[in-house]
Amino acid sequence: MSSRLRDRTSCQPKLHNHHYQVTTKTAVAMPNYFTETRTCPLAELATNLSDSELRETAYEILVGACRSSGVKPLTFITHSEKNLGRAPALTSTASLQRSLSSTAASNVKKALGLKSSRKRHVSGESDSERVKKAVTIGEMLRVQMRVSEQIDSRVRRALLRVAAAQLGKRIESIVLPVEMLQQLKPSDFPNQWEYDAWQRRNLKLLEAGLLLHPLLPLDKTDTAAQQLRQIIRGALEKPLETGKNNESMQALRSIALSLACRTFDGSVSETSHWADGFPLNLRIYRMLLEACFDVNDEISVIEEVDEVLELVKKTWVVLGMNQMLHDLCFLWILFNRYVVTGQVESDLLFAANNLLMEVEKDAKAMTDPDYSKIISSTLGTILGWAEKRLLAYHNYFHSDNTETMECVVSMAVLSAKIMVEDISHEYHRKRKEIDLARERVDNYIRSSLHVAFVQIMEKVKSSKHSSKNQQNQFPFLSILAQGVSTLAFSEKAIFSPLLKRWHPLAAGVAVATLHSCYGNELKQFVSGIGDLTPDILQVLRAADKLEKDLVQIAVENSVDSEDGGKSIIREMPPYEAESVISNLVKSWITTRLDRLKEWVDRNLQREVWDPRTNKENFAPSAVEVLRIVDEALEAFFLLPISMHAVLLPDLTTGIDRCILHYISKAKSGCGSQNTFVPSMPVLTRCSTRSKFVGVFKRKEKFQIAQGRKSQVGTTNSNGSLGISHLCCRINTLQHFRMELVVLAKRAISPVRNSESAHMDNIADGMGKAFELSTTACVEGIKQLCEITAYKIVFHDLSHVLWDGLYVGEVSSSRIEPFLQELEQYLEVISLTVHYRVRTRVITEVMKASFDGLLLVLLAGGPPRAFHLQDYETIADDFKSLCDLFWSNGDGLPADLIQKFSTTVNAILPLFHTDTDSLIEQFQYMTLETYGSSAKSKLPLPPTTGQWNPTEPNTLLRVLCYRSDETAAKFLKKTYNLPKKL
């Protein structure tokens with residue numbers, strides 16, 4: 001607002017001849033359901049100035065402004081002179097002494113669409129009688145502003161003294177409260193109390209205008225402001241001495257002038273800014289505009305409104321007002337008067353709407369953020385009031401007051417448009433072009449129709465409430481359909497023609513809303529029924545008739561629309577009986593699937609995965625889940641419908657998801673291969689002259705135990721029991737895998753037996769039933785087999801493999817202890833796991849054992865060192881390991897063992913190769929891998945874990961564990977590897 005305020009004081013007030021839209025309709029008043037009060041949106045003052053104090057201040061400014069702009073000097077007359085009838089000769093100014101005898105019609109009233117004042121016509125009061133009561137416009141203003149003759153006399157007397165003391169100065173050049181304090185003494189008041197109250201009022205005005213709401217923001221370091229606060233604070237505690245030569249008064253005058261005459265560029269202004277800061281100026285100006293209403297008839301605008309506004313606008317130079325702010329304030333005054341007086345005088349609402357159109361023009365030309373803040377607050381209040389009615393307009397409007405409704409819609413749309421389009425810069429930068437009026441009205445229609453629908457529904461329910469027979473409750477929707485149809489035709493006849501001004505498809509939106517509301521009730525009704533009955537068919541027929549009525553209205557309303565009404569029709573999904581039945585069955589399916597999901601979760605929570613619970617060694621929860629699935633399929637085919645084949649995929653897909661959920665839970669929490677494999681220690685070189693005593697890196701789950709058997713770190717005290725749990729999970733998934741094939745056949749069989757020609761195609765599509773679950777079973781079994789194998793080898797048997805095998809002397813720490821304990825685990829697996837997946841589990845254990853052996857040989861850490869002669873021992877141990885899985889032909893097939901032992905068989909010869917050859921092979925393979933860059937210095941090959949006799953890292957690791965001086969020197973020289981961690 002700063003840019004506006006810099007210029008506004010230089011603008012001379014003049015009456016703008018607005019071309020307001022004239023409303024000629026005669027509106028019927030809205031029902032006065034209750035009288036409302038609106039909080040003034042013009043912001044609250046930071047000080048406690050009452051309305052009466054602001055009104056008296058406004059009157060002082062008005063009289064002073066008229067005096068300042070008049071051509072005659074201001075003279076004071078006593079009450080006795082007024083009583084002698086000599087007032088006209090001694091009135092204050094040319095402006096205020098203008099006669100009221102003119103009977104010309106008000107231009108402002110014409111522009112705003114206001115009729116002549118009711119009171120004058122009702123009471124029969126003549127112009128001559130009115131003139132006798134108030135001879136001049138000034139006297140009439142005094143009466144309108146509720147100012148007593150005594151106060152008026154005192155104000156005029158003070159202003160005469162001010163004029164004499166400030167000869168030649170205009171009203172905008174002085175700080176009026178300071179001058180008033182200077183010129184009036186306690187003797188000018190009936191009593192000391194009234195004088196003290198008057199003085200406090202002027203001090204509070206100075207505080208509000210110069211300190212709390214100044215035009216130009218105060219500098220926090222401004223000493224003048226601090227001094228003024230101290231003076232005002234002291235004067236409020238003890239009355240201020242206002243003598244001409246009083247130091248306090250002189251200080252007050254000096255400080256007030258210095259604060260009031262500040263400018264944005266630092267120069268001293270000839271204009272005094274003491275009452276033009278926001279919101280003080282607006283609150284004072286509001287008191288002036290209130291004078292436009294007849295003091296004896298609060299809903300009537302006086303006939304002399306033109307003259308009153310002409311005088312009121314003379315205060316603009318003091319209050320810093322302009323035409324835009326005037327329009328906004330007058331809009332609020334008109335609207336608020338309409339609301340607080342019971343909403344009986346529609347002329348006030350029409351006038352506010354017409355003035356709102358002017359405000360819209362003003363808003364387009366104004367970009368000041370402070371003005372935007374004021375207009376947003378004002379229009380927000382108006383919009384809130386209007387939308388409260390429009391969101392339920394069937395409760396407020398009817399065929400007799402549609403003109404009032406049209407005005408309310410106009411105000412709501414205009415207010416929203418100004419707030420969104422003309423004020424919001426974000427709207428211009430970010431939002432795409434939209435029809436805001438149409439969007440708003442669309443919302444009003446949908447909201448109000450929904451409210452009306454609920455009221456009809458409650459009325460029908462209350463009429464049926466006395467009947468306790470459930471069978472008599474079914475036709476409820478039939479009766480509701482009739483009521484909705486009546487509402488739709490009423491909407492089409494009364495409101496849609498009015499709303500079409502803003503929304504070309506108003507009737508279509510209305511019937512689409514009713515269609516949706518009734519459709520929701522219809523769906524809810526059907527969802528609570530288990531079987532189709534004659535009563536349900538009756539409801540469906542009533543719904544079908546209603547739908548035809550609604551669609552017909554929508555089609556008629558959309559004849560001239562751009563898309564031919566397609567957008568509206570798309571909002572009205574049909575109420576076809578088959579569709580309703582289909583939805584009913586789908587709801588039944590959803591309920592069954594939810595129940596199945598609950599059963600799955602409940603059984604999983606109780607499941608302990610103990611294979612000893614039944615002779616098949618799988619989880620009891622699987623039996624329960626499959627039983628519920630079977631019951632769901634059987635109940636589905638017993639439903640009395642003809643669309644089993646169409647809806648069967650919905651059921652099987654849901655069952656598939658539930659079983660998939662079970663499978664996911666069955667394999668969750670078991671870990672992975674990496675969970676059990678220990679971390680590889682840092683590479684070192686061997687030292688045959690020292691014995692290693694210490695630790696090397698392991699995963700946190702594992703405790704290192706040198707020279708003794710480790711404790712098995714499982715959740716159970718018995719390692720084999722933990723493996724049994726995993727075996728139970730494997731069996732459970734295998735059981736599901738087999739039963740899913742049976743379920744798929746059972747689901748397809750009734751469909752194939754149907755006589756319908758297209759059923760074969762549907763049945764063929766059902767060939768992939770439970771596909772997700774079947775795939776998940778296969779993947780789950782594979783994962784669990786791998787996890788079981790790695791848990792046995794690297795976790796349960798870590799004390800004999802990782803912590804014991806080949807630690808120290810190879811000949812004294814061979815593989816036999818590992819084989820003995822591994823055999824026990826293989827016996828558990830053979831007795832527990834289903835025969836169809838038993839071979840797979842044992843195969844995974846074999847692969848894990850081979851991986852474990854290689855890990856010991858190539859990454860076993862400093863405790864291990866191998867001589868060339870150890871090769872035969874290691875090879876013999878590996879043969880024993882393979883023999884365990886072959887088991888004299890009773891175990892795994894020989895070709896399978898051969899397939900997975902290829903890597904071990906390829907790497908073991910390296911332990912028999914002499915050190916120089918190994919070094920030569922390592923250098924050659926490193927150069928082959930890294931090229932010429934490795935000639936100067938051999939790079940350290942990274943560990944890939946993919947062991948291979950031609951892979952540099954594998955060769956390097958054989959050298960690291962070679963108990964040989966040549967190997968140690970090579971590793972020291974090439975990589976400076978340490979002897980120990």
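Computed from a prediction, not measured in an experiment: that's the story for all the values here.
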Using side chain to side chain contact (heavy atoms under 4.5 Å, CB included), reason through Val108 and Leu309 one step at a time and then give a plain yes or no. CA-CA 9 Å; Val108 173; Leu309 288 179; 4.0 Å; yes

Could you walk me through whether His273 and Leu216 pass the side chain to side chain contact (heavy atoms under 4.5 Å, CB included) test, one step at a time? CA-CA 9 Å; His273 303 287; Leu216 181 64; over 6 Å; no

Should Tyr371 and Asn322 be marked as a side chain to side chain contact (heavy atoms under 4.5 Å, CB included) after you check the CA-CA gap, both sets of side-chain angles, and the distance that decides it? CA-CA 11 Å; Tyr371 175 78; Asn322 56 28; 6.0 Å; no

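- Across Gln182 and Lys185, no two heavy atoms sit closer than the pair O-NZ, 2.9 Å.
- In plain terms, the two heavy atoms of Ala352 and Met411 that are nearest each other are CB-CE, 3.9 Å.
- Counting heavy atoms from C-beta outward, Val301 and Asp294 have side chains that stay 4.5 Å or more apart.
- The backbone N or O of Phe350 sits less than 3.5 Å from a side-chain atom of Asn354, completing a donor-acceptor pair.
- Partners of Tyr59 under the ring pair (Phe, Tyr, Trp, His ring centres under 6.0 Å) rule, at least two apart in sequence or in another chain, do not exist in this structure.
- A donor-acceptor contact shorter than 3.5 Å links the side chain of Arg262 to the backbone of Leu259.
- Under the rule for a salt bridge (Lys or Arg N to Asp or Glu O under 4.0 Å), Asp196 has no partner lying at least two apart in sequence or in another chain.
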Go through the steps to decide whether Arg253 and Glu179 satisfy the test salt bridge (charged side-chain N to carboxylate O under 4.0 Å, His left out), and finish with yes or no. CA-CA 8 Å; Arg253 174 186 293 278; Glu179 300 301 333; 2.6 Å; yes

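- Residues meeting the salt bridge (Lys or Arg N to Asp or Glu O under 4.0 Å) test with Glu194, sequence neighbours left out: Arg154.
- Counting only distance, with no hydrogens or angles, the side chain of Thr315 and the backbone of Val312 share a donor-acceptor pair below 3.5 Å.
- Residues satisfying the side-chain hydrogen bond (donor to acceptor under 3.5 Å, both in side chains) test with Glu53, not counting sequence neighbours, are Ser50, Lys204.
- Counting heavy atoms from C-beta outward, Thr47 and Leu205 have side chains that stay 4.5 Å or more apart.
- Annotation: the span from Leu176 atom CG to Leu159 atom CG amounts to 6.5 Å, rounded to 0.5 Å.
- Contact annotation: the side chain of Asp327 never approaches that of Leu331 to less than 4.5 Å [non-hydrogen atoms, C-beta and beyond].
- In terms of heavy-atom proximity, Asn281 sits nearest to Asp276 at ND2-O, 3.6 Å.
- Counting heavy atoms from C-beta outward, Gln226 and Lys220 have side chains that stay 4.5 Å or more apart.
- Between Glu207 and Arg229 there is no salt bridge, since none of the side-chain N atoms of the basic residue sits less than 4.0 Å from a carboxylate O of the acidic one.
- Contact between Leu181 and Gln199 at its shortest, heavy atoms only, is CD2-CG, 3.5 Å.
- Contact annotation: the side chain of Lys313 approaches that of His326 to within less than 4.5 Å [non-hydrogen atoms, C-beta and beyond].
- A donor-acceptor pair is defined here as one N or O able to donate and one able to accept, closer than 3.5 Å; no such pair exists between the side chain of Ser415 and the backbone of Ala412.
- Side-chain contact between Met249 and Leu252: present, with at least one pair of heavy atoms (C-beta onward) separated by less than 4.5 Å.
- With Arg55 contributing its side chain and Met287 its backbone, the two residues share no donor-acceptor pair below 3.5 Å.
- Here Lys314 contributes atom NZ and Leu288 contributes atom CG; the two are 13.5 Å apart, rounded to the nearest 0.5 Å.
- Taking every heavy atom of both residues into account, Asp222 and Ala224 meet most closely at OD1-N, 2.9 Å.
- In summary, Asp347 and Lys109 do not engage in a salt bridge, as defined by a charged side-chain N under 4.0 Å from a carboxylate O.
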Test side chain to side chain contact (heavy atoms under 4.5 Å, CB included) on Leu240 and Ser248 and set out the steps. CA-CA 8 Å; Leu240 182 71; Ser248 298; 3.7 Å; yes

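- From Gln230, atom CD reaches atom CD1 of Ile255 across 8.5 Å, with rounding to the nearest 0.5 Å.
- Here the CD-CD1 distance, from Glu60 to Ile171, works out to 9.5 Å after rounding to the nearest 0.5 Å.
- Between the CD1 atom in Ile137 and the SG atom in Cys66 there is a gap of 9.5 Å [rounded to 0.5 Å].
- When atom types are taken as modelled, the side chain of Ser173 and the backbone of Lys169 share no donor-acceptor pair closer than 3.5 angstrom.
- To the nearest 0.5 angstrom, Asn353 atom CG is 11.5 Å from Phe335 atom CZ.
- Shown here is Glu270, whose CD atom has no more than 12 heavy atoms of other residues, nucleotides or ligands within 6.0 Å.
- Atom CD of Glu241 has 12 or fewer heavy atoms from other residues, nucleotides or ligands within 6.0 Å.
- Trp274 has its side chain within reach of Val318: a pair of non-hydrogen atoms, C-beta onward, lies under 4.5 Å apart.
- Under the salt bridge (Lys or Arg N to Asp or Glu O under 4.0 Å) criterion, Glu290 pairs with Arg286, Arg337, not counting sequence neighbours.
- Between Arg142 and Glu149 the shortest side-chain heavy-atom distance falls below 4.5 Å.
- Looking at Gln144, its side chain does come within 3.5 Å of a backbone N or O of Val295 through a donor-acceptor pair.
- The minimum heavy-atom distance linking Asp51 with Arg283 is given by the pair OD1-NH2, 4.3 Å.
- Defined by atom type and a distance below 3.5 Å, a donor-acceptor pair is missing between the side-chain atoms of Asn246 and Gln250.
- Sequence neighbours left out, the pairs with a member in residues 196-254 that pass ring-ring contact (aromatic ring centres under 6.0 Å, His included) are Phe189-Trp198, Tyr195-Trp198.
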